[in-house]
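Written below as structure tokens is the structure these notes are about.
A quick note: this is a predicted structure, and the numbers were derived from the prediction, not measured. Lettering of chains follows the sequences in order, A, B, ..., and the numbering in each one begins at 1.
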2 protein chains.
Amino acid sequence: MALRHAVLAALLDGESSGYELAKTFDAGMANFWHALPQQLYLELTKLEKDGLIQGRAVIQETRPTKRLFSVTNAGLAELERFAESSAKPAFIRDDLLIKVRAVDSASAKAVIEQLEERALIAAAKIDIFERYMERQRGDADEQAFLNSGDRIGPYLTCLRGLRYEQETADWCRQTAQILRERCAANADT
Amino acid sequence: MALRHAVLAALLDGESSGYELAKTFDAGMANFWHALPQQLYLELTKLEKDGLIQGRAVIQETRPTKRLFSVTNAGLAELERFAESSAKPAFIRDDLLIKVRAVDSASAKAVIEQLEERALIAAAKIDIFERYMERQRGDADEQAFLNSGDRIGPYLTCLRGLRYEQETADWCRQTAQILRERCAANADT
DNA sequence: TCACAATACTCAAGAATATGAGTAATAGCG
DNA sequence: CGCTATTACTCATATTCTTGAGTATTGTGA
């Protein structure tokens, strides 16, 4: 039931069409939710039907007409209710971790490659998050921004995403290194 | 398609019944997969039908008969294939992060409480992981264990789970602190 | 100019996950 | 002696998420 709330939260940043949302959602939700365009369109339709968001059609000259959605007061109230409801424990689902958990000498090579690949992906995300955060806080330093900025939510969650990716990158590199050394030791014998 | 592989990986630690697996799965998978007992029983049934695990009935005197499952050679081969297949990018799904992202003065109080609660949960997990890791490496220090231990997969993923929970706890406490300060500043004006 | 990418969506079907309700026996506690 | 917890599972349904296939128009590079 929480994609619903993730979409509402995303629309707090300003009205958006389904298409725009689909492009920015994964990045904007900084690592703690993910959805395909089809799900987003569907969810937007439902949210509008329930009166939590409202859409307005924008007729464009050169592009198809789009519908921009924004959160209604009922939507804000729903987010309030959501905030007060008890949160389900979070969970990650990560194929790569399963591969590492099951790793043995036969699969080590493939796993090492994927760890390195993942470290690169994480590094790219770190860049994106850092740029976003710089832009958000502008001239102020972080502490000042967090004390006085309004709508600091996206910044706070981006901070979490940033650290998560830093940990991911570090762990992937270290784990790949350990597995490489074990492969080498194995080959010697 | 990966609960399947998570269960296979879990059974590498030794044969287990559905019931035992259900109790240890969430903890053992150290934060990167989660499943309810019903799903696990179902998956075990499918895995057995596909010949990737085999079960043997153990008749107990005072308890109902249980079935212990272990990974077959076909199961090991399937894990190999899985390791070589390209991994889907991981994703987290976390209600609490959505709440933080949408946080405003109205919802701050509820969100602070949940952040503090989450920090405690994370601390409890950290304890569990640390104890598991100590037990695993025994007398050896970590480096030595990782160099020479066999089946280091569970240790490596536990390490990741540990750091993840440490980050979670830190971030939750810091974020709660920031929100508290803003509440106080708000009340002053 | 011609294919290909981008904008802006929709619909249907399928796989994976979650929820709720049972069954049935024994163990331990007061 | 009755109550609840534990062991050990099963079945059915509901929700959620993913996948694949479309539609229709416009902008852009070779």
Side-chain angles (χ1 to χ4, degrees), chain A residues 1-8 15-26 29 32-50 53 55-69 82 85-95 98, chain B residues 1-8 10-11 15-26 29 32-50 53 55-69 82 85-95 98:
Chain A
M1 265 311 263
L3 171 58
R4 187 179 189 74
H5 300 105
V7 170
L8 277 176
E15 62 177 5
S16 171
S17 69
Y19 187 76
E20 285 157 15
L21 200 58
K23 278 193 301 181
T24 60
F25 188 79
D26 278 22
M29 282 294 145
F32 58 91
W33 212 272
H34 140 91
L36 297 168
Q38 292 97 314
Q39 278 174 273
L40 294 174
Y41 281 116
L42 204 65
E43 204 59 49
L44 286 169
T45 307
K46 285 193 217 158
L47 282 165
E48 192 182 26
K49 206 182 62 201
D50 296 344
I53 60 175
R56 65 187 181 89
V58 174
I59 296 151
Q60 301 174 107
E61 276 165 35
T62 68
R63 291 284 169 205
T65 295
K66 63 181 172 183
R67 284 169 57 67
L68 293 180
F69 295 96
F82 175 65
S85 73
S86 74
K88 305 186 189 177
F91 56 87
I92 314 176
R93 297 232 153 116
D94 191 343
D95 279 14
I98 294 175
Chain B
M1 267 311 263
L3 172 58
R4 187 180 189 74
H5 299 104
V7 170
L8 276 177
L11 288 177
E15 64 176 2
S16 170
S17 70
Y19 187 75
E20 284 158 15
L21 199 59
K23 279 195 300 182
T24 60
F25 189 78
D26 278 23
M29 282 295 147
F32 57 90
W33 212 272
H34 142 89
L36 297 168
Q38 294 96 313
Q39 284 173 268
L40 295 175
Y41 282 115
L42 204 66
E43 204 58 51
L44 286 170
T45 307
K46 285 192 216 158
L47 282 165
E48 192 182 25
K49 206 183 60 201
D50 295 344
I53 60 176
R56 62 187 184 92
V58 173
I59 295 153
Q60 302 175 104
E61 276 165 34
T62 69
R63 290 284 170 205
T65 296
K66 63 182 173 182
R67 282 169 58 68
L68 293 181
F69 295 95
F82 176 64
S85 73
S86 74
K88 304 187 187 173
F91 56 87
I92 313 176
R93 296 230 154 119
D94 191 344
D95 278 14
I98 292 176

Heavy atoms only, 4.0 Å cut-off, all strands: where does [X] land among base, sugar-phosphate and nothing?
X: B:Glu20; result: nothing
X: B:Leu3; result: sugar-phosphate
X: A:Lys23; result: sugar-phosphate
X: B:Arg4; result: nothing

Discussion item. Let me confirm one number: the OG-NE2 distance from B:Ser85 to B:His5, rounded to the nearest 0.5 Å.
Written reply: 7.0 Å
Practice prompt. Go through the steps for B:Arg56 and B:Val58 under the test side chain to side chain contact (heavy atoms under 4.5 Å, CB included), then give the verdict.
Written response: CA-CA 6 Å; B:Arg56 62 187 184 92; B:Val58 173; 3.7 Å; yes
Atom-pair distance ([atom1] on [X]; [atom2] on [N]), nearest Å:
X: A:Trp33; N: D:dT18; atom1: CH2; atom2: C1'; result: 15 Å
X: A:Asp95; N: D:dC17; atom1: CG; atom2: P; result: 17 Å
X: A:Glu61; N: D:dG27; atom1: CD; atom2: P; result: 10 Å
X: A:Leu40; N: C:dT10; atom1: CG; atom2: P; result: 12 Å
X: A:Ile92; N: C:dT17; atom1: CD1; atom2: C1'; result: 18 Å
X: A:Leu42; N: D:dG20; atom1: CG; atom2: C1'; result: 16 Å
X: B:Arg67; N: D:dA8; atom1: CZ; atom2: P; result: 14 Å
X: A:Lys46; N: D:dT15; atom1: NZ; atom2: C1'; result: 9 Å

Worksheet, complete the sentence: Sorted by position of nearest nucleotide on DNA chain D, 5' first, the leading residue of A:Glu43 and B:Gly18 is B:Gly18
Worksheet item: Does A:Thr62 or A:Ala2 map to a spot on DNA chain D nearer the 5' end, using the closest nucleotide for each?
Response: A:Ala2
Hey, does the side chain of [X] come within less than 4.0 Å of [N]'s phosphate (OP1/OP2), counting only N and O?
X: B:Tyr41; N: D:dT10; result: no
X: B:His34; N: C:dT17; result: no
X: B:Gln60; N: D:dA8; result: yes
X: A:Tyr19; N: C:dC9; result: no
X: B:Gln39; N: C:dA18; result: yes
X: B:Arg93; N: D:dC17; result: yes

Fill in: Candidate nucleotides D:dT16, C:dA6, C:dA18, ranked by approach to the side chain of A:Phe91 - the nearest
C:dA18
Worksheet item: Taking the side chain of A:Lys88 as heavy atoms from C-beta outward, which of C:dT19, D:dT16, D:dT18 is closest to it?
Response: C:dT19
Worksheet item: A:Phe69 pairs by side-chain contact (heavy atoms from CB on, under 4.5 Å) with which of A:Leu44, A:Leu8, A:Leu47, A:Leu21?
Response: A:Leu44
Discussion item. When you measure from the side chain of A:Glu48 to the backbone of A:Gly55, do you find a donor-acceptor pair of N or O atoms at a distance under 3.5 Å?
Written reply: yes
Fill in: Flag, side chain of B:Tyr41 to backbone of B:Tyr19, donor-acceptor distance under 3.5 Å
yes
Worksheet item: With a 3.5 Å cut-off and just heavy-atom distances, do the side chain of A:Gln38 and the base of D:dG20 make a donor-acceptor pair?
Response: yes
Practice prompt. Compare every heavy atom of A:Ile98 with every heavy atom of B:Ala6, then report the nearest pair and how far apart it is.
Written response: CB-CD1, 3.6 Å
